[in-house]
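Each remark here refers to the structure printed beneath this line.
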Amino acid sequence: MPELPEVETVRRGLVPVMEGAVIAGAEVRRPDLRWPLPERMADRLAGRTVLRLRRRSKYILADLSSGETLIVHLGMSGRILVSGALQGRFARAHAPHSSHDHVVFSMGNGARVTFNDARRFGAMDLVPTAEVESHWLLRALGPEPLGNGFDEVYLAGRLRGRRTPIKAALLDQRVVAGLGNIYVCEALHRAGINPKRQAGRIGTHRVGALASVIRAVLTEAIDAGGSSLRDYRQADGELGYFQHTFRVYDREGTACRTPDCTGTVRRIVQSGRSSFYCPACQR
DNA sequence: ATGTGTTCCTGTCCGC
DNA sequence: TGCGGACAGGAACACA
């Protein structure tokens, strides 16, 4: 579930609980997620202060006072729950652990942060802060779509000559970091580009529009997450899920939402993933 | 180098 | 109500 906007929403939800706070203890309830958890992770976290919570692509990065950084990826089904008291703002009782609560952080301020991941495609690692960018999971990532390194000139350069469908190219984290299946579908719809179109065969002008709508769709989703954050916290402390109004994603068979378009949303499979698009207005 | 298909894991939903 | 199959927001990996 978590693409860049969801991960950013989780990060923002964790900032008031974790940033500047001490990790009193960490309980590792199973030894592995997608890969084995870091050696002696609980010992290396206990007593450390979280200096800063950052995000790179879909990774949450917690810089610690020990000089190490905890890298967290939510995979497909990873979620984070916050409970416990902090200035009365998180006055939610600790729920009993579920079988998918794999790592539990007990903060010095009384909050509890639980990493839950049914499918266990998530991951954690703990490395020197100076080595985060060169970590094997992060080193090949393309630019942040909301950062300065991503614009129409960059994107055009990366798509030039590529014969792969634009859908696959945008899902490639080396091209641009943080997009997933939902937001690629949404961005292509807004840009009026058929997901099957060869990446290198999109006109310069339309590539410019694409870069622009990618930023817009992500920004809107982050804003929506921010506005729903408080509601979700009040509900059950769960971070990372919020309602979106998608224009095509998961809307197979329904009317296209492009103004004046009479098309019907279709679903096709591209490299094993569902693509939702409108054949009438995406060319 | 590029592009495609498989794989990890569990939960949910839909049709019979 | 049970059961089988399809499918799920990721991405590393093996292979053409």
Side-chain angles (χ1 to χ4, degrees), chain A residues 1-11 29-37 55-60 71-80 98-103 115-125 135-142 145 157-189 195-201 214 217-218 220-222 224-225 228 232 238-253 266-277:
Chain A
M1 56 225 51
E3 301 184 31
L4 187 156
E6 289 75 24
V7 175
E8 176 61 18
T9 298
V10 170
R11 187 194 71 81
R29 298 169 57 80
R30 68 168 292 139
D32 61 301
L33 296 171
R34 180 167 188 176
W35 297 288
L37 288 163
R55 179 189 57 75
R56 171 74 169 109
S57 186
K58 301 170 192 173
Y59 295 89
I60 292 173
I71 302 173
V72 178
H73 195 283
L74 299 172
M76 287 274 258
S77 57
R79 56 190 77 184
I80 290 179
S98 88
S99 61
H100 301 308
D101 290 347
H102 303 310
V103 179
F115 180 93
N116 176 293
D117 184 8
R119 291 175 74 180
R120 273 187 285 118
F121 291 168
M124 290 188 194
D125 204 355
H135 189 277
W136 66 281
L137 286 169
L138 282 79
R139 66 186 170 208
L141 291 174
R158 288 306 300 257
L159 299 183
R160 190 168 300 132
R162 292 196 61 177
R163 307 174 68 88
T164 196
I166 184 64
K167 172 77 185 309
L170 293 180
L171 281 176
D172 184 343
Q173 302 295 298
R174 296 169 299 186
V175 173
V176 56
L179 292 179
N181 204 34
I182 291 177
Y183 295 107
V184 168
C185 290
E186 293 296 309
L188 288 174
H189 180 256
K196 291 182 286 191
R197 177 165 289 275
Q198 288 186 18
R201 298 202 167 196
I214 285 171
V217 76
L218 294 176
E220 286 175 28
I222 290 171
S228 67
Y232 271 81
E238 180 174 322
L239 299 175
Y241 286 83
F242 45 91
Q243 288 300 313
H244 300 280
T245 307
F246 301 128
R247 298 191 190 175
V248 283
Y249 183 79
D250 204 21
R251 292 192 64 241
E252 182 183 18
R266 275 194 68 193
R267 183 180 84 92
I268 60 172
V269 175
Q270 292 179 285
S271 50
R273 317 273 320 260
S274 288
S275 292
F276 298 90
Y277 74 106

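Any value given below was found using the heavy atoms of this structure, including those in side chains, with hydrogens, waters and symmetry copies removed. Only a predicted model underlies this, so the values are computations on that prediction, with no experimental measurement involved.
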>> What is the separation between atom CZ on A:Arg119 and atom C1' on B:dT12, rounded to the nearest whole Å?
In response: 11 Å
>> Among B:dT4, C:dA11, C:dA12, which nucleotide has an atom closest to any side-chain atom of A:Leu137?
In response: C:dA12
> Distance check: side-chain N/O of A:Tyr183 vs OP1/OP2 of C:dG9, anything under 4.0 Å?
Replying inline: no
> With respect to the side chain of A:Arg162, which nucleotide from B:dG3, B:dG11, C:dA12 is positioned closest?
Replying inline: B:dG3
>> Please name the nucleotide paired to C:dA14 by Watson-Crick or G-U wobble geometry with both distances under 3.5 Å, or report none.
In response: B:dT4
>> Which nucleotide wins on minimum distance to the side chain of A:Arg34, given the candidates C:dG9, B:dT4, C:dA12?
In response: C:dA12
> Are A:Asp117 and A:Leu74 side-chain neighbours, meaning at least one heavy-atom pair lies under 4.5 Å?
Replying inline: no
> Taking for each residue the nucleotide of DNA chain B bearing the nearest heavy atom, is the 5' side occupied by A:Gly161 or by A:Gly272?
Replying inline: A:Gly161
>> If you compare every side-chain N and O of A:Arg120 against the phosphate oxygens of B:dT10 (OP1, OP2), does one of them come in below 4.0 Å?
In response: yes
> Taking atom C1' of C:dA12 as reference, at what distance in whole Å does atom CG of A:Leu171 sit?
Replying inline: 15 Å
> Using a cut-off of less than 4.0 Å, is there contact between a side-chain N or O of A:Lys58 and OP1 or OP2 of C:dA11?
Replying inline: yes
> Could you state the CZ-C1' distance from A:Arg273 to C:dG10, rounded to the nearest angstrom?
Replying inline: 6 Å
>> Taking only side-chain N and O atoms of A:Arg267, does any of them lie within less than 4.0 angstrom of OP1 or OP2 on C:dC7?
In response: yes
> B:dG3 and C:dG9: how far apart are their C1' atoms, nearest whole angstrom?
Replying inline: 23 Å
> Is the ring centre of A:Phe121 under 5.5 Å from the base ring centre of C:dA11, and are the two planes under 30° apart, so that they stack?
Replying inline: no
> Does A:His100 have a side-chain nitrogen or oxygen under 4.0 Å from the phosphate oxygens OP1 or OP2 of B:dT10?
Replying inline: no
>> Just checking A:Arg163: does its CZ atom have more than 12 heavy atoms from other residues, nucleotides or ligands closer to it than 6.0 angstrom?
In response: no
> For C:dA8, does OP1 or OP2 lie under 4.0 Å from any side-chain N or O of A:Ser274?
Replying inline: yes
>> Given C:dA12, B:dC9, B:dT4, identify the nucleotide with an atom nearest to the side chain of A:Thr164.
In response: B:dT4
> Once you round it to whole Å, what is the distance between C1' of B:dT10 and CZ of A:Arg30?
Replying inline: 11 Å
